[in-house]
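Ligands are counted one by one from 1 in listed order, and the atoms in each one are counted from 1 as well. Keep in mind that the numbers below use all heavy atoms, side chains included, and drop hydrogens, waters and symmetry copies.
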Amino acid sequence: MSVKIGLVGTGTVGGGCIDIIQKHREDFKRHFGVDIELARVCSLDKGEAEAHGVGHLFTSDFHDIINDSDIDLVIELIGGTGVAHAIVTEALKAGKHVVTANKALMATAGEEIFRIADEAGVEIAFEASVGGGIPIIDPLKHSLISNEISSVLGIVNGTTNYMLTRMDEDGMAYDQVLAEAQAKGFAEADPTADVDGFDAAAKIAILASIAFNSRVVLDDVSTEGIRNVQPIDLKTARDMGYAVKLLAIGHRLPEGIDVRVHPTMIPKTHQMAHVNGVFNAIYVTGDAVGETMFFGEGAGAGPAASAVMGDVLEVARHITLGIKPIVGCTCTDKLPIVPMDNLETRYYIRLVVPDRTGVLACAAEVFAKHDVSLRSVVQEGTRERDAVNLIFITHTAREKNIRAVLADLAAMEDMLQVEPTVIRVED
Ligand code: HSE
């Protein structure tokens with residue numbers, strides 16, 4: 001018996017999946033006793049299906065897949081929370097297993113999707129939603145299941161990691177490096193989801209939900225991106241013995257789950273500081289296993305299709321053997337989200353201010369007013385004749401007080417020339 005598959009989305013990842021099925025179908029039969037058959041492909045572009053040799057399976061209406069009672073498993077690869085939500089929920093309700101790479105969907109509607117899958121007695125698998133080709137959801141749900149996970153740290157956005165690496169190694173300015181990333185196809189024409197941290201936020205919401213057995217959604221994640229980071233920040237951090245990464249952070253604390261995404265200073269001695277370019281890595285600490293790191297390519301046809309097809313084969317094996325899903329939703333606990341205001345850490349804050357007598361003293365006074373103790377202050381020139389960078393490194397301070405400092409500085413007339421750069425330290 002073959003397991004019949006309906007594929008929705010024939011772009012980069014969908015094309016990669018079609019290629020893998022065509023190349024390895026016989027191997028899968030031999031190695032795993034599972035025969036997967038691509039029965040239908042759906043997208044807006046028949047040319048894409050034809051380019052991968054499956055034009056004869058094409059439909060532009062996903063209902064042709066949902067309503068086809070022969071199809072056992074639907075692969076959803078169009079992304080987003082609109083049509084994709086309808087495809088995934090309707091497929092599950094129709095009794096079809098679903099494999100998706102859709103982080104936005106799982107980070108916003110995961111609870112609903114698991115409930116529908118459970119009611120229908122089918123599986124939902126989403127390994128490719130985080131870290132591209134890196135196996136991380138399956139290890140968290142299987143191999144590491146005996147651990148209480150205390151933290152998950154991720155460099156889970158290749159675009160921003162590439163940009164930070166170029167700024168650090170080559171001193172390229174933010175706008176320059178963004179334009180280069182777009183030209184190389186690493187960054188979208190609208191780079192918002194990547195540079196403002198939302199892509200990483202969806203991914204850490206998914207990872208934190210699994211790691212801490214408690215539902216974390218996109219809105220729970222305090223998110224700041226890399227728009228205000230410039231080469232001077234990377235150079236200053238490097239001189240202090242740190243690398244700057246857009247880190248997706250999940251900690252289990254006594255009072256709940258601390259979950260956030262922001263530019264972060266990581267000690268150069270930590271392995272995560274050496275994850276460069278478009279690579280991703282996820283660092284997981286468990287009470288039994290200790291520290292583990294998962295590293296690999298976070299995007300692209302091959303890596304993402306590898307993760308999708310891993311799920312497809314596992315689900316197909318369950319279908320072939322007639323066994324129930326082994327692991328469904330694991331969010332059994334209801335842990336609170338710790339408010340970002342409670343965070344206590346050290347901060348790097350760079351202000352661009354007018355080069356005038358008394359400005360430094362005035363800014364320092366604002367820090368003192370909010371009980372933020374300074375460890376060091378450095379003044380560096382800018383390209384503008386009348387403006388300077390003031391770089392403040394704080395002792396351990398409370399996020400709430402730092403926000404009050406930034407609000408006061410922003411309200412002062414003729415003080416901040418551009419938005420401050422805030423980088424939190426993760427020791
Ligand atoms: N845009 C993502 C990244 C890849 O830059 O890593 C897809 O999740």
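Here the side chain of N147 pairs a donor or acceptor atom with the backbone of A288 at under 3.5 angstrom.
Between H24 and F28, the ring planes are tilted. Angles from 30° to 60° get that label. Taking the six-membered ring for Trp and thresholds of 30 and 60 degrees, Y162 and F186 have ring planes more than 60 degrees apart, a perpendicular arrangement.
With a 4.0 Å cut-off on non-hydrogen atoms, D199 touches ligand 1 through its side chain and not its backbone.
The protein heavy atom nearest to atom 4 (C) of ligand 1 is A299 CB, 3.7 Å. For atom 5 (O) of ligand 1, the closest heavy atom belonging to the protein is T159 OG1, 2.5 Å. When hydrogens are left out, the protein atom nearest atom 6 (O) of ligand 1 is G158 N, 2.7 Å; that is the closest non-hydrogen contact. The protein atom (non-hydrogen) at minimum distance from atom 1 (N) of ligand 1 is D194 OD1, 2.9 Å.
Interatomic distance, I5 CD1 to I65 CD1, rounded to the nearest 0.5 Å: 11.0 Å.
Residue N280 has no nitrogen or oxygen atom sitting less than 3.5 Å from a nitrogen or oxygen atom of ligand 1, judged on distance alone.
You'll find the side chain of F58 reaches within 4.5 Å of the side chain of S43, heavy atoms only. For the pair V99 and E127, the minimum side-chain heavy-atom distance is 4.5 Å or more.
Distances shorter than 4.0 angstrom occur between a heavy atom of K203 and an atom of ligand 1.
Within ligand 1, the atoms closer than 4.0 Å to a non-hydrogen atom of K103 are 7 (C), 8 (O), numbered from 1 in the order shown.
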